[in-house]
Every structure is written in structure tokens, then in C-alpha cells.
4 protein chains.
Amino acid sequence: MSNEKGPDHSRRKERSRQAILAAARALIAEEAYEKVTVEAIAARAGVGKQTIYRRWPSKSAVVFAALLALSEGVDGQSVALPDTGDLEADLKAVMRATAQEFADPSFDRLIRALNTEIANDAVLAAEYREKLAQPLDEAKKARLRGAQAVGQLRTDADLDLVLEVLYAPLFQRWLHRSGPLDAAYADSLVAVTLRAFAP
Amino acid sequence: MSNEKGPDHSRRKERSRQAILAAARALIAEEAYEKVTVEAIAARAGVGKQTIYRRWPSKSAVVFAALLALSEGVDGQSVALPDTGDLEADLKAVMRATAQEFADPSFDRLIRALNTEIANDAVLAAEYREKLAQPLDEAKKARLRGAQAVGQLRTDADLDLVLEVLYAPLFQRWLHRSGPLDAAYADSLVAVTLRAFAP
Amino acid sequence: MSNEKGPDHSRRKERSRQAILAAARALIAEEAYEKVTVEAIAARAGVGKQTIYRRWPSKSAVVFAALLALSEGVDGQSVALPDTGDLEADLKAVMRATAQEFADPSFDRLIRALNTEIANDAVLAAEYREKLAQPLDEAKKARLRGAQAVGQLRTDADLDLVLEVLYAPLFQRWLHRSGPLDAAYADSLVAVTLRAFAP
Amino acid sequence: MSNEKGPDHSRRKERSRQAILAAARALIAEEAYEKVTVEAIAARAGVGKQTIYRRWPSKSAVVFAALLALSEGVDGQSVALPDTGDLEADLKAVMRATAQEFADPSFDRLIRALNTEIANDAVLAAEYREKLAQPLDEAKKARLRGAQAVGQLRTDADLDLVLEVLYAPLFQRWLHRSGPLDAAYADSLVAVTLRAFAP
DNA sequence: TGATAACCGAGACGGTACGTCCGGTCTTAGC
DNA sequence: GCTAAGACCGGACGTACCGTCTCGGTTATCA
């Protein structure tokens with residue numbers, strides 16, 4: 001009953017879609033962002049430009065889709081914060097890992113590109129929040145709720161605020177390159193956050 | 001009487017320089033950033049394109065210079081945080097004012113443009129830190145040191161970290177449009193920060 | 001019989017090509033040559049600049065092509081000198097007509113532009129000779145050969161030289177504006193030439 | 001003694017004037033004409049651009065002046081055609097020499113530049129005729145008048161026409177590169193002319 | 001000898017056009 | 001019937017010169 005159109009058809013579409021997004025990601029990861037052009041993406045993906053414009057309305061949209069797809073398959077489960085029972089230890093592990101991710105130049109370029117698109121386009125920003133940020137935040141907040149339940153965190157804490165206090169300094173320091181992103185820094189952010197929201 | 005350097009010459013140079021920077025700022029403030037072109041800046045400033053390219057190596061550089069010049073004349077004095085003796089009240093006043101600034105669409109566009117340039121160019125980021133961010137931060141830290149002296153803030157607090165905890169959440173929420181920037185939010189950031197770094 | 005190549009495609013290409021050449025000719029005919037710009041040609045033709053640069057390597061080349069195309073379709077038949085049997089009368093008619101053509105300011109500007117391009121570029125000069133000058137000369141020489149056959153011209157006359165003696169003085173006088181180009185002058189060139197190459 | 005203005009003063013002016021004209025000629029002789037710029041002339045002459053524009057109203061005018069100055073000092077005497085009593089021999093000598101001059105690439109470029117300026121500017125053309133062409137032609141016509149007196153040339157020949165028939169074919173062939181400029185060609189032009197204007 | 005004016009070299013300036021590049025649309029040939 | 005290829009329009013890029021304007025530093029004359 002299901003697939004009304006030919007299966008090859010759908011698969012063909014999907015294959016070119018993936019090729020385009022992969023090409024976009026590859027180019028962003030390896031080159032200065034402003035050198036990433038639709039023509040280069042099409043060429044790298046072995047695809048005509050029209051095939052890109054058939055699916056996305058603008059260069060920004062393709063790039064953004066490519067970056068969103070980075071985290072495709074991410075769900076509450078897969079990104080759930082570890083839960084060893086020790087909130088501080090769990091947060092430190094996560095923050096250290098996060099800090100380390102930014103050390104990878106490719107990842108760095110990808111996330112900078114993503115932030116550039118988001119910062120300058122409210123529509124993309126909304127899509128980003130809905131598809132990426134909120135699911136991730138929900139997973140994190142689930143862990144925090146657990147901590148509240150066992151008295152490791154103020155019961156009345158605004159969990160969005162907790163996440164901001166925890167992550168935003170790291171994000172800002174990375175975006176502005178205003179300081180080192182090392183384990184000590186990650187730890188101190190956890191410490192500060194826990195002190196601020198201690199029960 | 002004074003003017004030691006050639007007066008007309010320097011004045012001419014300076015006048016065109018200011019005209020260029022003002023034109024750039026005006027265009028950024030009133031149009032979508034990607035529509036700001038060197039040609040438009042030159043036309044608005046009543047200047048040849050070459051006069052722009054003689055001084056700055058690229059469009060990014062002009063735009064960045066224009067944005068840096070926004071805060072020209074800013075010094076420790078002029079941006080010093082108020083000091084009424086009540087740290088919490090002072091910080092709340094400052095944070096509320098900061099949050100309000102972002103409500104102005106022109107200011108919003110200017111700062112987004114600035115952040116876009118900074119985020120994608122390490123050299124500009126360094127210049128930004130040196131010329132703008134650090135002086136401002138120093139002024140703020142001076143107030144915090146006063147607070148430490150009178151026992152309103154932990155003596156061993158890392159003041160850079162204090163500023164990050166205070167400002168980064170606001171910055172991130174603004175950049176990602178992930179929530180309202182109202183007085184309540186400003187207040188809560190102050191509250192959190194003071195709790196985290198209470199003596 | 002019909003169009004072997006893709007019809008629409010060729011037609012599109014051909015249409016824009018003709019629009020460009022027509023725009024170039026129109027501009028040359030109506031303005032001082034040095035004011036003819038590629039941008040103006042593109043605008044007048046309703047074409048992007050790149051469409052011009054895709055086909056021709058430089059402004060000179062477009063202009064030259066436009067001027068060559070002036071005489072497209074010209075062949076031995078269409079430009080054959082009249083043949084009433086009276087060589088002197090035929091040549092006088094042709095020379096008077098030629099002299100008059102130069103009186104038209106548009107034509108004058110076009111031919112001056114053509115000569116400027118040719119004079120300063122050996123490659124264009126070769127193309128001009130092959131595509132324009134030689135076919136025209138052949139047609140003229142055919143008439144002269146007829147005259148030789150009926151004893152109105154020396155049998156051993158170098159026909160290229162005959163044409164030069166006939167036309168070059170007119171050409172030089174026009175190019176240097178060194179004298180009037182009237183019917184009397186046309187007639188005297190014919191008279192001189194016939195005397196020089198009388199049997 | 002005489003010199004009313006300061007002698008050094010005049011000499012300074014004259015020196016820079018000569019430097020400019022020499023630089024212009026040198027550049028025209030060695031480079032493609034369209035690459036000759038006022039800036040290059042000024043630099044080569046060791047002179048400010050303003051010094052050029054103080055004296056000539058436009059680039060064309062400088063270039064033209066430089067080319068006219070090529071023949072400075074030329075007068076009726078110095079360019080008089082040889083007069084051995086044998087008109088044919090004298091003309092052949094002159095025409096062969098003329099043809100040879102064009103073989104020098106530098107000379108070729110200079111004369112092409114001169115013709116380009118003349119062809120596109122009626123004012124410069126008039127100046128050229130008055131200052132260069134007519135004096136030279138007068139010298140040549142003096143020789144022809146001598147030939148008329150001794151019965152080597154028709155008494156009623158229009159001497160301007162004689163000169164045109166003699167020179168214009170060579171000029172056109174050179175300008176259009178439509179054939180070799182060798183001694184045989186020079187000779188045949190003389191032969192044709194003498195036949196056309198034989199008494 | 002020192003002051004003062006004329007002049008020059010250097011080169012920045014407002015403009016205009018160059019030839020290139022790319023975004024987004026449209027056409028064509030081929031699978 | 002959709003695709004890869006790529007031409008097309010539009011318009012910004014950064015560069016090169018034009019002809020003008022300003023500057024600082026000689027020169028050149030006269031006190």
C-alpha cells in the first residue's frame with residue numbers, strides 16, 4: 001500500500017539529498033565559510049544547481065539544513081546526560097566533553113557556520129530551536145529534574161536558566177575566542193552553577 | 001593654533017574616514033546585513049570605492065572598523081558601572097539597561113553584524129577583544145573589586161568568570177532569540193550570579 | 001534540411017548574440033567611441049555582462065564583432081560592382097556612393113571605430129581582411145577582370161594595386177579629414193586610376 | 001641677459017616638458033598603446049601627474065604632443081625631397097625609405113598611436129595637418145613643381161592628388177597590414193603615379 | 001643669509017569602467 | 001519525468017586609471 005511512487009524514485013531523491021548535505025558539510029568543514037558556494041556544493045555533490053534550488057529556497061537554507069542534519073537521529077535517549085547519581089561528576093564529564101568538541105577545527109567551522117546563519121535569520125533560528133536546541137535541552141533538563149528529586153538542585157530552579165548559566169559562558173568564550181576552553185574551565189562552570197542553584 | 005600635522009590634509013582624510021564609517025553604520029542599522037555593499041557605503045559616504053580599499057583590505061574590515069568606532073571614546077571612566085554601594089541594585093540597573101539596548105532594531109542589527117564578523121575571523125576577534133571587550137570588562141571588574149572589598153562578593157572569585165556568568169546567558173539568549181530579554185530575566189541573572197559568588 | 005542543433009537553445013543564444021551586437025552598433029553609432037562601455041552594451045541589450053564575456057574575450061573583440069556583423073550576409077553577388085559595360089561610369093558611380101556613405105555621421109563613427117580596432121590589433125586586422133575586405137575586393141576585382149577582357153584596363157595590371165590606387169586616397173582623406181569627399185574628388189580618382197592602368 | 005623670466009626657471013619647465021614627451025614616446029614605442037597611462041608617463045618622467053595636466057588638457061593631448069614633437073625641427077629644408085633631376089629615381093628612393101621606416105616596430109607603434117588619436121579627434125587631426133602634414137607636403141610639392149617645370153609631370157596635375165596617389169596606398173596597406181611593404185611595392189607606386197600624371 | 005613666494009613630486013581623492021564571481025532562474029539533452 | 005549541466009540576468013567584488021586637489025619640500029628671488 002505504502003510507497004506510491006517507485007521505490008527507486010524515492011531512493012534516488014534521498015541519495016541526492018544526502019549527497020548535497022554531505023557536500024555542504026564537507027565544504028564548510030574544510031574551507032573558510034565565505035568560500036562555500038552553491039556552485040561548489042552542487043559540483044561536489046555531482047548534482048545540478050537546480051536540484052538544490054528545487055528543495056531549498058536559498059543558500060542559507062541548504063547550509064542550515066546540512067548543519068541541522070549533523071544531529072539527525074539525535075533524540076532524548078541518545079543525548080541524555082549520564083546519570084551516575086552524582087550530578088556534579090556527570091555535569092563535569094559532559095562539560096569537559098563539550099569543551100573538547102570545539103577543539104576539532106572541522107567541528108568548530110561547522111558550528112560557527114551554523115551560528116552565523118542562526119544569528120542573522122530569525123526563521124532559521126526558530127527552526128534551530130525547535131529541531132535541535134529544545135530536544136537537546138529537554139534531555140538535559142530531564143537529568144536536572146532527577147537531581148532536583150534527590151535534593152542535589154533547588155526545587156524551584158528555572159531549569160532553562162540553569163542550562164544557560166552552565167553553557168552560555170562556554171559558548172560565548174568559544175564564539176569570541178576570549179579564553180581557553182579546558183577541563184578546569186569546564187569544571188569551574190559546573191561548580192559555579194551548582195553553587196548558584198544549590199538547594 | 002595647535003595642529004602639528006598638516007591641518008587640511010589630515011582633516012580631509014579624517015573627514016572621509018568618518019563619512020565612510022558613518023555610512024557603513026547607517027546602512028547596517030537600516031538594512032539586512034547582507035545587503036550592505038561596499039558600493040553602497042561609498043555612495044552614501046560620497047567617496048570613491050578606492051578610498052575605502054586604500055584604508056581597509058576588505059569589506060569585513062570596513063564593517064568591523066565601523067562597528068568598533070561605535071564605541072570610540074569609550075574608556076574606563078565613561079563605562080564604569082554605577083556604584084551606589086549596593087552591588088545588587090547596581091548590577092540590576094546595568095543588566096536591565098543592557099537588555100533594553102537590544103530591543104532597538106538598529107542596535108540589534110549593528111551588534112549582530114559585529115558578532116558575525118568576529119565569529120568568523122580570529123584576527124578581528126582579537127582586535128575586538130583588545131579594543132572593546134577588555135576595556136569594558138576592566139571597568140566592570142573595577143566595580144566588582146570594590147564589592148569584594150566590602151564583602152559583597154567572594155574574595156577569591158575569578159572576576160572574568162563572574163562577568164561571563166552574568167552576561168553570557170543574556171548574550172546567548174539574544175543571539176539565538178531563545179527567550180525574552182526583560183527586566184525579570186535581567187534581575188534573575190544578577191540574583192544567580194550573586195548567589196554563585198556570594199562570600 | 002532543418003535545424004540539426006537544438007532549436008530553442010540555438011535560438012536563445014542567437015537572440016542574445018544579436019541583441020549584444022545590435023546594442024554595440026547602436027551605441028557606437030550614436031556616441032563618442034570612448035564612451036561605449038561593456039556595461040552600456042549589456043544594459044542596452046538586456047543582457048548580463050557575463051554573457052558578453054562568455055563569448056568574447058574583451059571589449060575590443062565585441063566591438064569588432066559588432067562591426068564585422070554590419071556586413072554579414074555580404075557576398076560576391078550582393079556587393080558586385082555594377083556592370084553597364086562602361087568601366088569609367090561604373091567606377092564613378094561606386095566611388096561617388098562610397099564618398100557619400102562617409103557623410104553619414106553614424107556610419108562615419110562605426111567605420112572609425114572599426115579602423116581603430118584594426119589598426120591596433122594584428123589579429124583583428126587579419127580577421128577583418130579575411131571576413132570583410134577580401135570578399136569585397138574579390139567582387140570588385142571580378143568587375144575589373146571583365147574590363148580587362150574588353151580592353152578597358154591593362155591586361156597585366158595588378159588588380160590589388162588598382163583597387164588601392166582607387167580607394168586608398170579616399171580612405172586616407174577621410175581618415176585624416178584632409179580634404180573634401182565630393183563627387184568631383186570621386187571622379188578624379190577614377191580618372192587617375194584609369195589613366196594609370198589604361199591599356 | 002635676454003631671457004626675461006629666470007633662466008633656470010624656464011630651463012626647469014623645459015626639462016620637465018621634454019622628460020614628459022620623451023617618456024610618453026618611450027612608452028608608446030615599447031608597449032601596447034592601450035597600456036600607456038598618464039600615471040606611467042608621469043612615473044617614467046619623474047614628474048607629478050599635475051605637471052602633465054598643467055600643460056595639456058587630456059591624455060590624448062599629451063600623447064599627440066609627444067608624437068608631434070617626434071618631428072620637431074622638421075622644416076621645408078630638412079625634409080625636401082632629393083632632386084637629382086630624375087623624378088622617378090628620386091621618388092623611388094623616397095618611397096623605399098618610407099616603406100622601410102614602417103618596419104621598425106617602435107616607429108610603427110608610434111605612428112599607429114598618432115593615427116589613432118587623429119582618426120578619433122577632429123581637433124587633433126587639424127593640428128596634425130597644420131603642424132606636420134602640410135609642411136611635409138609642401139616640401140614634396142616643391143619637388144613636384146620642379147618636375148612639372150622640366151616636363152616630367154603634367155602641368156595641370158593637382159599636386160595634392162599626386163601625393164595621395166603616391167602615398168595613400170602605402171599608408172593603407174600599412175595601417176591594415178594588407179600586404180608587404182617592400183621595395184618592389186614602393187617602385188610600383190611610383191610607376192603608377194608617374195603613368196597617371198605623365199605629361 | 002634669511003625670508004617669502006613660486007613651483008614641483010608625490011600621491012590621495014571622487015568617479016567610472018573594467019573583467020570576475022556567484023546567487024538564483026531557466027533551458028536543454030539525456031537517462 | 002526528472003536529472004546533470006550549464007547558460008542566463010543581475011549585481012557586487014576588488015583593481016586600474018582618469019583628471020582634480022592638497023601637501024610638504026625644494027628653488028629662486030629679493031631683503
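Convention: sequence-line order gives letters A, B, ...; per-chain numbering from 1.
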Nearest-Å distance, [atom1] ([X]) to [atom2] ([N])?
X     : N      : atom1 : atom2 : result
A:Y53 : F:dC2  : OH    : P     : 21 Å
B:I20 : E:dG14 : CD1   : C1'   : 11 Å
D:I52 : E:dA10 : CD1   : P     : 12 Å
D:K35 : E:dC18 : NZ    : C1'   : 14 Å
A:I41 : F:dA5  : CD1   : C1'   : 17 Å
C:L27 : E:dA17 : CG    : P     : 12 Å
C:R17 : F:dC8  : CZ    : P     : 11 Å
A:E31 : E:dC21 : CD    : C1'   : 15 Å

Open item on the list: Pick the closest DNA chain F nucleotide for C:V47 and for B:V36 by heavy atoms, then say which residue is nearer the 5' end.
Closed with: C:V47
TODO: Name the residue closer to the 5' end of DNA chain F, choosing between D:E39 and A:G46 according to the nucleotide with the nearest heavy atom.
DONE: A:G46
Task: Most 5' of C:A40 and B:G48 on DNA chain E, judged by nearest nucleotide - done: B:G48
Task: Student check: side-chain heavy atoms of A:V62 and A:Y53 closer than 4.5 Å - done: no
- [ ] Please tell me if the side chains of D:L124 and D:S60 come closer than 4.5 Å, counting only heavy atoms from C-beta onward.
- [x] yes
TODO: Measure distances between side-chain N and O atoms of B:Q50 and base N and O atoms of E:dC13, and say whether any donor-acceptor pair falls under 3.5 Å.
DONE: no
Open item on the list: Is there, by distance only and without an angle test, a donor paired with an acceptor across the side chain of A:K49 and the base of F:dG6 below 3.5 Å?
Closed with: no
Check whether any side-chain N or O of [X] sits under 4.0 Å from OP1 or OP2 of [N], and answer yes or no.
X     : N     : result
A:T51 : F:dA4 : yes
C:R55 : F:dC8 : yes
D:R54 : E:dC8 : yes

Task: Carboxylate-amine/guanidinium proximity below 4.0 Å for A:K131 and A:E127 - done: yes
Task: Ion pair D:R44/D:E39, N-O distance below 4.0 Å - done: no
Task: Which residues share a salt bridge (charged side-chain N to carboxylate O under 4.0 Å, His left out) with A:K59, sequence neighbours left out - done: none
Task: Nucleotide of F:dG19, E:dG19, E:dG23 approaching A:K59 most closely (side-chain heavy atoms) - done: E:dG23
